[in-house]
Number of protein chains: 2
Amino acid sequence: MKQSNLCPKFEKAVTLLSQRWTALVIYQMLEAPQRFGEIQAAIGISGKVLSDRLKDMEQEGLIKRDVYPETPVVIEYSLTEKGRSLETVLRDIENWSQDWIEVDQQSNTGS
Amino acid sequence: MKQSNLCPKFEKAVTLLSQRWTALVIYQMLEAPQRFGEIQAAIGISGKVLSDRLKDMEQEGLIKRDVYPETPVVIEYSLTEKGRSLETVLRDIENWSQDWIEVDQQSNTGS
DNA sequence: TATTAAAAGTTACTTTATGTAACTAAGTTT
DNA sequence: AAACTTAGTTACATAAAGTAACTTTTAATA
């Protein structure tokens, strides 16, 4: 027994955005098109999960994958219009976080 | 090796919102304070996970839990100011979903 | 020419999160 | 006393995410 009263479009949007890492990947690509390794380094995601997410997001039409047959080959991910249209959502979350989130300073200063 | 360049507040906000069900629970409570069983029925979440989420969200200060010692006892969950301040985010997602999400009509009409 | 180096993934395996269904506890109605 | 309701909890099964080592391709280096 699993069923809701919710609007299916809204439900799907929420499901999309609550996939772990998806929002951060989009946020990262708002700045510029990015390569696999750049995204990995920027948000601290494993290769395996990033690979999965990029496939999902491409499938959903949020991003596109371009191959530049340079040497060595460059593969670049960038937002589609649909992906970019999430910018307002991400900016809202950004603003909200500044107003409402407390970060517990886990001071990690060795030596 | 897991570390990012991101603003910790933003990162925490995203982590919060990408917990499965959290956004839907808040969305549901935007309408009115709700009881456990109402939330369950409205969004189709299991008792176990709803219980976990409500605890997390209370911990984060997004919701509060009120006990009315009526008979039988009524336990009501409602948004705090912090929780309610997520309304803009949720409304943005709602609007975005209407503009950009396609729902594949899996017609389920028996008989 | 063999060796070492990226970049972009993939694979096998472990850990964590989520889902399911049955069960509990307190008070209530029959 | 037996059955019902609400608000959960428990034990167990499945799915998603994390880790680290490995593969492939092309190139620059020794």
Side-chain angles (χ1 to χ4, degrees), chain A residues 1-4 6 11-12 14-29 32-60 62-78, chain B residues 1-6 11-12 14-29 32-60 62-79:
Chain A
M1 181 153 297
K2 152 180 268 191
Q3 207 185 180
S4 77
L6 297 161
E11 204 171 356
K12 189 172 171 190
V14 168
T15 299
L16 248 166
L17 290 171
S18 58
Q19 280 260 63
R20 209 173 318 202
W21 298 110
T22 299
L24 287 182
V25 171
I26 293 170
Y27 181 78
Q28 193 56 29
M29 300 197 335
Q34 313 251 326
R35 300 174 65 174
F36 193 95
E38 293 178 303
I39 301 172
Q40 244 189 310
I43 68 179
I45 186 180
S46 74
K48 178 204 165 195
V49 178
L50 179 54
S51 177
D52 289 351
R53 279 305 166 278
L54 291 171
K55 281 175 197 154
D56 297 345
M57 293 169 75
E58 198 183 355
Q59 193 67 35
E60 286 294 336
L62 294 170
I63 64 174
K64 68 185 202 305
R65 177 179 188 274
D66 291 306
V67 179
Y68 298 99
E70 296 170 15
T71 184
V73 70
V74 169
I75 294 171
E76 198 174 71
Y77 295 93
S78 55
Chain B
M1 180 154 295
K2 153 180 268 196
Q3 206 184 179
S4 78
N5 296 331
L6 297 162
E11 205 171 356
K12 189 171 171 190
V14 169
T15 298
L16 248 166
L17 289 171
S18 57
Q19 281 258 65
R20 209 171 319 202
W21 299 107
T22 298
L24 287 183
V25 171
I26 293 171
Y27 181 78
Q28 192 57 29
M29 300 197 335
Q34 313 250 327
R35 300 173 66 174
F36 194 94
E38 291 177 304
I39 301 172
Q40 245 189 310
I43 68 180
I45 186 179
S46 73
K48 178 203 165 196
V49 179
L50 178 53
S51 176
D52 288 352
R53 279 305 166 279
L54 291 172
K55 280 175 198 155
D56 297 346
M57 294 168 74
E58 198 183 354
Q59 193 68 32
E60 286 295 335
L62 295 170
I63 64 174
K64 67 185 203 307
R65 178 178 188 275
D66 292 305
V67 179
Y68 297 99
E70 296 169 16
T71 184
V73 70
V74 168
I75 294 171
E76 199 174 68
Y77 294 93
S78 55
L79 295 172

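We name chains A, B, ... by the order of the sequence lines, and we start the count at 1 in each one.
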side-chain N/O [X] vs [N] OP1/OP2, d < 4.0 Å:
{"X": "W21(A)", "N": "dG18(D)", "value": "yes"}
{"X": "R53(A)", "N": "dA17(D)", "value": "yes"}
{"X": "Y77(A)", "N": "dG9(C)", "value": "yes"}

Please work out if G37(B) contacts a base, only the sugar-phosphate, or nothing of the nucleic acid, heavy-atom cut-off 4.0 Å.
sugar-phosphate
Within this structure, what is the [atom1]-to-[atom2] distance between [X] and [N], rounded to whole angstrom?
{"X": "L50(B)", "N": "dT20(C)", "atom1": "CG", "atom2": "P", "value": "14 Å"}
{"X": "I75(B)", "N": "dT9(D)", "atom1": "CD1", "atom2": "P", "value": "10 Å"}
{"X": "R35(B)", "N": "dG8(D)", "atom1": "CZ", "atom2": "P", "value": "10 Å"}
{"X": "K48(B)", "N": "dA17(C)", "atom1": "NZ", "atom2": "P", "value": "10 Å"}
{"X": "Q19(A)", "N": "dA17(C)", "atom1": "CD", "atom2": "C1'", "value": "13 Å"}
{"X": "E70(A)", "N": "dA6(C)", "atom1": "CD", "atom2": "C1'", "value": "15 Å"}
{"X": "E76(B)", "N": "dA7(D)", "atom1": "CD", "atom2": "C1'", "value": "14 Å"}
{"X": "I39(A)", "N": "dA7(C)", "atom1": "CD1", "atom2": "P", "value": "14 Å"}

So which nucleotide from dG9(C), dG8(D), dG18(D) ends up closest to the side chain of V49(A)?
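Nearest to the side chain of V49(A) among the choices is dG18(D).
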With rounding to the nearest 0.5 Å, note down the distance linking [atom1] in [X] to [atom2] in [Y].
{"X": "R65(B)", "Y": "S78(B)", "atom1": "CZ", "atom2": "OG", "answer": "12.0 Å"}
{"X": "M29(B)", "Y": "E76(B)", "atom1": "CE", "atom2": "CD", "answer": "9.5 Å"}
{"X": "R35(A)", "Y": "Y77(A)", "atom1": "CZ", "atom2": "OH", "answer": "11.0 Å"}

Between P72(B) and S51(B), the residue closer to the 5' end of DNA chain D by nearest nucleotide is P72(B)
Listing, residues 47-57 of chain A side-chain donor-acceptor contacts under 3.5 Å, not counting sequence neighbours, or none:
{"unit_1": "R53(A)", "atom_1": "NE", "unit_2": "R20(A)", "atom_2": "O", "d": "2.9"}
{"unit_1": "R53(A)", "atom_1": "NH2", "unit_2": "Q19(A)", "atom_2": "OE1", "d": "3.4"}
{"unit_1": "D56(A)", "atom_1": "OD2", "unit_2": "Q19(A)", "atom_2": "NE2", "d": "3.4"}

Residues, nucleotides or ligands: over 12 heavy atoms within 6.0 Å of E70(A) CD
yes
Please tell me which of K55(A) and R20(A) maps to the more 5' nucleotide of DNA chain C, matching each residue to the nucleotide holding its nearest heavy atom.
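Result of the comparison: K55(A).
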